[in-house]
Student: 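This structure is in structure tokens; I'll ask about it shortly.
A, B, ... follow the sequence lines: proteins, then strands. Residue 1 opens every chain.
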2 protein chains.
Amino acid sequence: MAHDLCEVHGLHPEALERVQGEMPDGQTMLRLCDIFKALADPTRARILFALSREELCVCDLASLTGLSSSAISHQLRLLRANRLVRFRREAKMAFYSLDDEHVRLLLDQGLCHARE
Amino acid sequence: MAHDLCEVHGLHPEALERVQGEMPDGQTMLRLCDIFKALADPTRARILFALSREELCVCDLASLTGLSSSAISHQLRLLRANRLVRFRREAKMAFYSLDDEHVRLLLDQGLCHARE
DNA sequence: CTTACAGTTGATCAATTGCTCACATGTAAA
DNA sequence: TTTACATGTGAGCAATTGATCAACTGTAAG
């Protein structure tokens, strides 16, 4: 017996208990991952970077990325669902922009790290 | 003709040009996405959060997450490949910790946003 | 040497994901 | 009203991903 004891209790129970106490709850963790997931795709990262500089419509973003406006629309839907972008309608067009200053901060911080 | 003109040139060429000028190059973008990808999974997010508080071994992380040490080892390999964690060997154990203060900042910033 | 065990690794498989395609919606010019 | 066109949406498909399983490695106690 005593098999897998390590994986059940861990080798450093005191340290584990400290970490457990501060660990965010499951829902917060999922929300956190959703935010990072939104930033974790080249297309969406380009979209968000562009919107951090200018308010743009779907066509602009399609042109910028070289993808179809359908593809962009799908991604914007996801970004809207995560409340990372908001939009306003004007005639036929939909103008998108960042919903939150936090997003810009995350992007810039990530870029800073990406460039070492 | 003049079909798809929108998707070729965009509707706001001046704005597009401004954004294009500041857009990070492809390699930087991929690196950026790799970093965010590493943070975009609940298991890895938990691992990174834990390591942001304590130096821990694979067993500890397995116990913390309820996953096999194999699963954890796979994820740590990925995190190592992205230079987000480093480790030192001591007898049979491998102690992991965050490789970079930037990671802790990104995590905390993300959490701040996740909690609104 | 033998055993135990922390850790690593490659194969595999189900689930997720990002795009395309075809079609629907809504607005405005002709 | 007809037409053009910016945008949104559901289905489908190929590629990616995260876990499990079954090995294997290396270290240290007996």
Side-chain angles (χ1 to χ4, degrees), chain A residues 1-12 16 29-30 33-34 36-48 55-82 85-96, chain B residues 1-12 16 29-30 33-34 36-48 55-82 85-96:
Chain A
M1 54 191 292
H3 252 272
D4 292 328
L5 200 143
C6 135
E7 293 185 14
V8 175
H9 302 297
L11 292 179
H12 308 87
L16 273 186
M29 222 48 172
L30 285 180
C33 289
D34 281 342
F36 284 130
K37 239 179 256 179
L39 292 152
D41 170 76
T43 297
R44 286 191 297 271
R46 282 194 177 86
I47 290 176
L48 290 171
E55 186 190 48
L56 295 169
C57 69
V58 180
C59 263
D60 292 331
L61 293 167
S63 161
L64 187 72
T65 56
L67 292 172
S68 67
S69 42
S70 170
I72 299 299
S73 191
H74 277 298
Q75 299 294 15
L76 286 171
R77 181 184 164 85
L78 198 156
L79 293 174
R80 258 184 296 149
N82 283 292
V85 303
R86 60 186 152 73
F87 73 112
R88 65 185 175 85
R89 290 208 154 277
E90 189 170 307
K92 288 190 261 189
M93 292 176 287
F95 286 93
Y96 282 81
Chain B
M1 54 189 289
H3 253 273
D4 292 323
L5 198 144
C6 136
E7 293 184 15
V8 175
H9 301 297
L11 291 179
H12 307 87
L16 274 187
M29 222 48 173
L30 285 179
C33 289
D34 282 340
F36 284 132
K37 241 180 252 177
L39 292 151
D41 170 75
T43 296
R44 286 192 297 270
R46 271 184 247 275
I47 291 176
L48 290 171
E55 186 192 47
L56 295 169
C57 69
V58 178
C59 263
D60 293 329
L61 293 166
S63 161
L64 188 73
T65 56
L67 292 172
S68 67
S69 44
S70 170
I72 299 298
S73 191
H74 277 298
Q75 300 292 17
L76 286 171
R77 181 182 163 83
L78 198 155
L79 294 174
R80 257 184 296 147
N82 283 291
V85 303
R86 60 187 152 72
F87 74 113
R88 63 185 175 87
R89 291 207 155 277
E90 189 169 307
K92 285 190 264 191
M93 291 176 290
F95 286 94
Y96 282 82

Student: I need the CD1-C1' distance between B/I47 and D/dA19, as an integer number of Å.
Tutor: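 In whole Å, D/dA19 C1' and B/I47 CD1 are 12 Å from each other.
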Student: Report yes if a side-chain nitrogen or oxygen of A/R77 is closer than 4.0 Å to either non-bridging phosphate oxygen (OP1 or OP2) of C/dC19; otherwise report no.
Tutor: no
Student: Minimum heavy-atom separation for B/T65 and B/L61, please, with both atom names.
Tutor: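 Closest heavy-atom pair between B/T65 and B/L61: OG1-O, 2.8 Å.
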Student: To the side chain of B/D41, which of D/dG18, D/dT20, D/dG8 is closest?
Tutor: D/dG18
Student: Please state how far atom CG in A/L79 lies from atom P in D/dT9, giving the value in whole angstrom units.
Tutor: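 Going from CG in A/L79 over to P in D/dT9 covers 14 Å.
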Student: Please check this pair: side chain of B/N82 against backbone of B/L78, looking for a donor-acceptor N/O pair closer than 3.5 Å.
Tutor: yes
Student: Looking at the side chain of B/K92, which of C/dG7, D/dG26, D/dA6 is the nearest nucleotide?
Tutor: D/dG26
Student: Without decimals, in angstroms, what is the distance between B/M93 CE and D/dT27 C1'?
Tutor: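 One finds 11 Å between C1' of D/dT27 and CE of B/M93, rounded.
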Student: Tell me which nucleotide among C/dT17, C/dT8, D/dG8 gets nearest to the side chain of A/K37.
Tutor: C/dT17
Student: Would you indicate what B/L67 reaches in the nucleic acid, counting non-hydrogen atoms under 4.0 angstrom: base, sugar-phosphate, or nothing?
Tutor: sugar-phosphate
Student: Would you kindly give the CD-to-C1' distance between A/E90 and D/dA6, to the nearest whole Å?
Tutor: 13 Å
Student: Answer yes or no for A/R80 and A/F87: cation-pi contact, defined as NZ/CZ to six-membered ring centre under 6.0 Å and angle to ring axis within 45°.
Tutor: yes
Student: For the CD1 atom of B/I72 and the OG1 atom of B/T43, what is their distance to the nearest 0.5 Å?
Tutor: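 So the gap between those two atoms works out to 6.5 Å.
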Student: Tell me which of A/G66 and B/R80 sits closer to the 5' end of DNA chain C, going by the nucleotide each one is nearest to.
Tutor: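 Upstream on the strand: B/R80.
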Student: C/dT20 phosphate, OP1 or OP2: any side-chain N/O from A/S68 under 4.0 angstrom?
Tutor: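 Checking C/dT20 against A/S68, a side-chain N or O does come within under 4.0 Å of OP1 or OP2.
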Student: Starting the side chain at C-beta, find the nucleotide from C/dA4, C/dG7, C/dC19 nearest to A/A71.
Tutor: C/dC19
Student: Hydrogens and angles aside, do B/E7 and A/S69 bring a side-chain donor and acceptor to less than 3.5 Å of each other?
Tutor: yes
Student: Nearest-Å distance, CD (B/E7) to C1' (D/dG8)?
Tutor: 13 Å
Student: Under 5.5 Å between ring centres and under 30° between planes: does that hold for A/H74 against the base of C/dC19?
Tutor: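 No, A/H74 does not stack on the base of C/dC19, since the centre distance and plane angle fail the 5.5 Å and 30° test.
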Student: Starting at atom CZ of B/R89, determine the distance to atom C1' of D/dT25, rounded to an integer number of angstrom.
Tutor: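 After rounding, the gap between these two atoms is 9 Å.
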Student: Please confirm whether any donor atom in the side chain of A/T43 sits under 3.5 Å from an acceptor in the base of C/dC19, or the reverse.
Tutor: no
Student: Round to the nearest Å and state the distance from A/D34 atom CG to C/dT16 atom P.
Tutor: 13 Å
Student: Determine: side-chain N/O of A/Q75 to OP1/OP2 of C/dC19, distance under 4.0 Å, yes or no.
Tutor: yes
Student: When all nucleic acid strands are considered with a 4.0 Å heavy-atom cut-off, which category describes A/L76: base, sugar-phosphate, or nothing?
Tutor: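 A/L76: no heavy atom of the nucleic acid under 4.0 Å.
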Student: When you measure only distances, ignoring hydrogens and angles, does the side chain of B/S70 come within 3.5 Å of the base of C/dT8 through a donor and an acceptor?
Tutor: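 Counting by modelled atom types and ignoring angles, no donor-acceptor contact under 3.5 Å is found here.
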Student: What is the distance, rounded to the nearest whole Å, between atom CD1 of B/I72 and atom P of C/dC5?
Tutor: 20 Å
Student: Given C/dG18, is OP1 or OP2 found less than 4.0 Å from the side-chain N or O atoms of A/R44?
Tutor: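 Yes, such a contact exists.
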Student: How far apart are the closest heavy atoms of B/L30 and A/P42, and which atoms are they?
Tutor: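 Answer, listing the atom of B/L30 first, then A/P42: CD2-CG, 4.0 Å.
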Student: Please determine whether a side-chain nitrogen or oxygen atom of B/Y96 lies at a distance below 4.0 Å from atom OP1 or OP2 of C/dA6.
Tutor: no
Student: What's the closest nucleotide to the side chain of A/S73 if the choices are D/dA19, D/dG8, C/dG10?
Tutor: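 Nucleotide nearest to A/S73's side chain: D/dG8.
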